[in-house]
There are 2 protein chains.
Amino acid sequence: MSYTLSQLGQETSRRFAELLATTGLEPRQFALLGAVARQEGQSQQAVAGQVAIPTSTMVALVDHLEEEGLIERRPHPSDRRTRMLHLTSKGSSALDKATLLAGNWEASLCAGFNPSERSRLLELLGRVADNLGLDLLYYVS
Amino acid sequence: MSYTLSQLGQETSRRFAELLATTGLEPRQFALLGAVARQEGQSQQAVAGQVAIPTSTMVALVDHLEEEGLIERRPHPSDRRTRMLHLTSKGSSALDKATLLAGNWEASLCAGFNPSERSRLLELLGRVADNLGLDLLYYVS
DNA sequence: TATTGTTATACTCTATAACTATA
DNA sequence: TATAGTTATAGAGTATAACAATA
């Protein structure tokens, strides 16, 4: 079971990353764009906390996405230290595209499952997560 | 589903590595010892293939395990290039200990599952693996 | 000429902590 | 004095290819 979960988890991550690469995004960038989209105008540190990366790493990540024209750093009106992060229209459409891809990926994982089988699997996995004391955040259900 | 599997896989790996560390072993070392135990006297390259690491990485890995007295390099009787890998008695008992730990870990993941639930979960995961065209090697069932 | 093991090198990734400018 | 962002540096890990001995 442990081996199965590890292998499946690793393989789904790896292949989703491959699929996502067709949009020019890495998984972490996808997560970052999603976090910015959920609430525009957040500081870099706020977003860094949500995607669980150190702020120093955040800088290069944002640099890159800004160079690609997917997000913007805008000055904070009252605090000149902080940069507010916003999606550009290009970033927004990239996120939409990646989100669509993620949906397809979900579907392909569960190909041949009927709804009750799919929810049964999620329920059993949820119990494993409980046994680990892990609470999963369902960005994508 | 994809997110759930990724998170669960990553977390089970991470925590098992932590647990395993109490025996002084890393997961890769555990895998290597297991491969050697399955058939003693294999060459480094043969074992490297089984644990899926490049031969250059293998050298330092074997160096370390040899320094710790867990495995031995022995000369091949007819080919002076190859080194035959063997478990020492210390290595054998370390492997036994780690294997026991892995069994406990398996059990704790499925705590509260009755046998049919457990096999149902494995079956559903197997179907996901099929959808990925992935065939899982069950070292530990 | 090919193969086993070894070594060296270069590269990525990341974490830590120092630094700046603001507050 | 504390905080947001930035930069610099150092460390782990890994992959690549060159190398020596042997086949």
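Note on naming: letters A, B, ... go to the chains in the order of the sequence lines (proteins, then strands), and numbering restarts at 1 for each one.
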K.L.:
Expressed in angstrom and rounded to an integer, what is the separation of I53(B) atom CD1 from dT16(D) atom C1'?
P.N.:
16 Å
K.L.:
Could you tell me whether the side chain of Q42(B) and the main chain of A35(B) form a donor-acceptor pair under 3.5 Å?
P.N.:
yes
K.L.:
Check the distance between dT6(D)'s P and M58(A)'s CE and give it to me in whole angstrom.
P.N.:
10 Å
K.L.:
State, to the nearest 10°, the angle formed by the axis through the first five base pairs of the helix from dT1(C)-dA23(D) to dA23(C)-dT1(D) and the axis through its last five.
P.N.:
20°
K.L.:
L61(A) has an atom CG; how far is it from atom C1' of dA15(C), in whole Å?
P.N.:
15 Å
K.L.:
Residues in salt bridge (Lys or Arg N to Asp or Glu O under 4.0 Å) with E40(B), at least two apart?
P.N.:
none
K.L.:
Check whether the side chains of S6(B) and S13(A) place a donor and an acceptor atom closer than 3.5 Å, and report yes or no.
P.N.:
yes
K.L.:
Does a side-chain heavy-atom distance below 4.5 Å link L132(A) with R15(B)?
P.N.:
yes
K.L.:
Counting distance only, does the side-chain N/O of Q44(B) pair as donor-acceptor with the main-chain N or O of M58(B) below 3.5 Å?
P.N.:
no
K.L.:
R74(B) CZ to dG5(C) P: how many Å, rounded?
P.N.:
15 Å
K.L.:
Just how far, in rounded Å, is C1' of dT22(C) from CD of Q45(A)?
P.N.:
13 Å
K.L.:
With a 3.5 Å distance limit and no angle check, can you tell me whether E106(B) reaches the backbone of M1(A) through a side-chain donor-acceptor pair?
P.N.:
yes
K.L.:
For side-chain hydrogen bond (donor to acceptor under 3.5 Å, both in side chains), just list the numbers for Q10(A) and Q10(B), CA-CA rounded to whole Å, side-chain angles, deciding distance to a tenth of an Å, and then say yes or no.
P.N.:
CA-CA 7 Å; Q10(A) 191 175 332; Q10(B) 191 176 331; over 6 Å; no
K.L.:
Shorter than 3.5 Å, N or O on both sides, protein versus nucleotides 6-13 of chain C: list them out with atom names.
P.N.:
{"unit_1": "dT6(C)", "atom_1": "OP1", "unit_2": "R73(B)", "atom_2": "NH1", "d": "3.4"}
{"unit_1": "dT6(C)", "atom_1": "OP2", "unit_2": "Q44(B)", "atom_2": "OE1", "d": "3.1"}
{"unit_1": "dT6(C)", "atom_1": "OP2", "unit_2": "Q44(B)", "atom_2": "NE2", "d": "3.1"}
{"unit_1": "dT6(C)", "atom_1": "OP2", "unit_2": "R73(B)", "atom_2": "NH1", "d": "2.8"}

K.L.:
Assuming nearest nucleotide by heavy-atom distance, tell me which of S78(A) and R81(B) is located more 5' along DNA chain C.
P.N.:
R81(B)
K.L.:
Rounded to the nearest Å, what distance is computed from the NE2 atom of residue H64(B) to the C1' atom of nucleotide dG13(D)?
P.N.:
15 Å
K.L.:
Report the distance from atom CG of D79(B) to atom P of dA23(D), rounded to the nearest whole Å.
P.N.:
5 Å
K.L.:
Reckon R80(B) has a side-chain N or O less than 4.0 Å from the OP1 or OP2 of dT22(D)?
P.N.:
yes
K.L.:
Do side-chain atoms of R127(A) reach the backbone of L109(B) as a donor and acceptor pair under 3.5 angstrom?
P.N.:
no
K.L.:
Can you confirm whether the side chains of R38(B) and Q50(B) place a donor and an acceptor under 3.5 Å from each other?
P.N.:
no
K.L.:
Select one nucleotide: of dA23(D), dT22(C), dT16(D), the one nearest the side-chain heavy atoms of P54(B).
P.N.:
dT16(D)
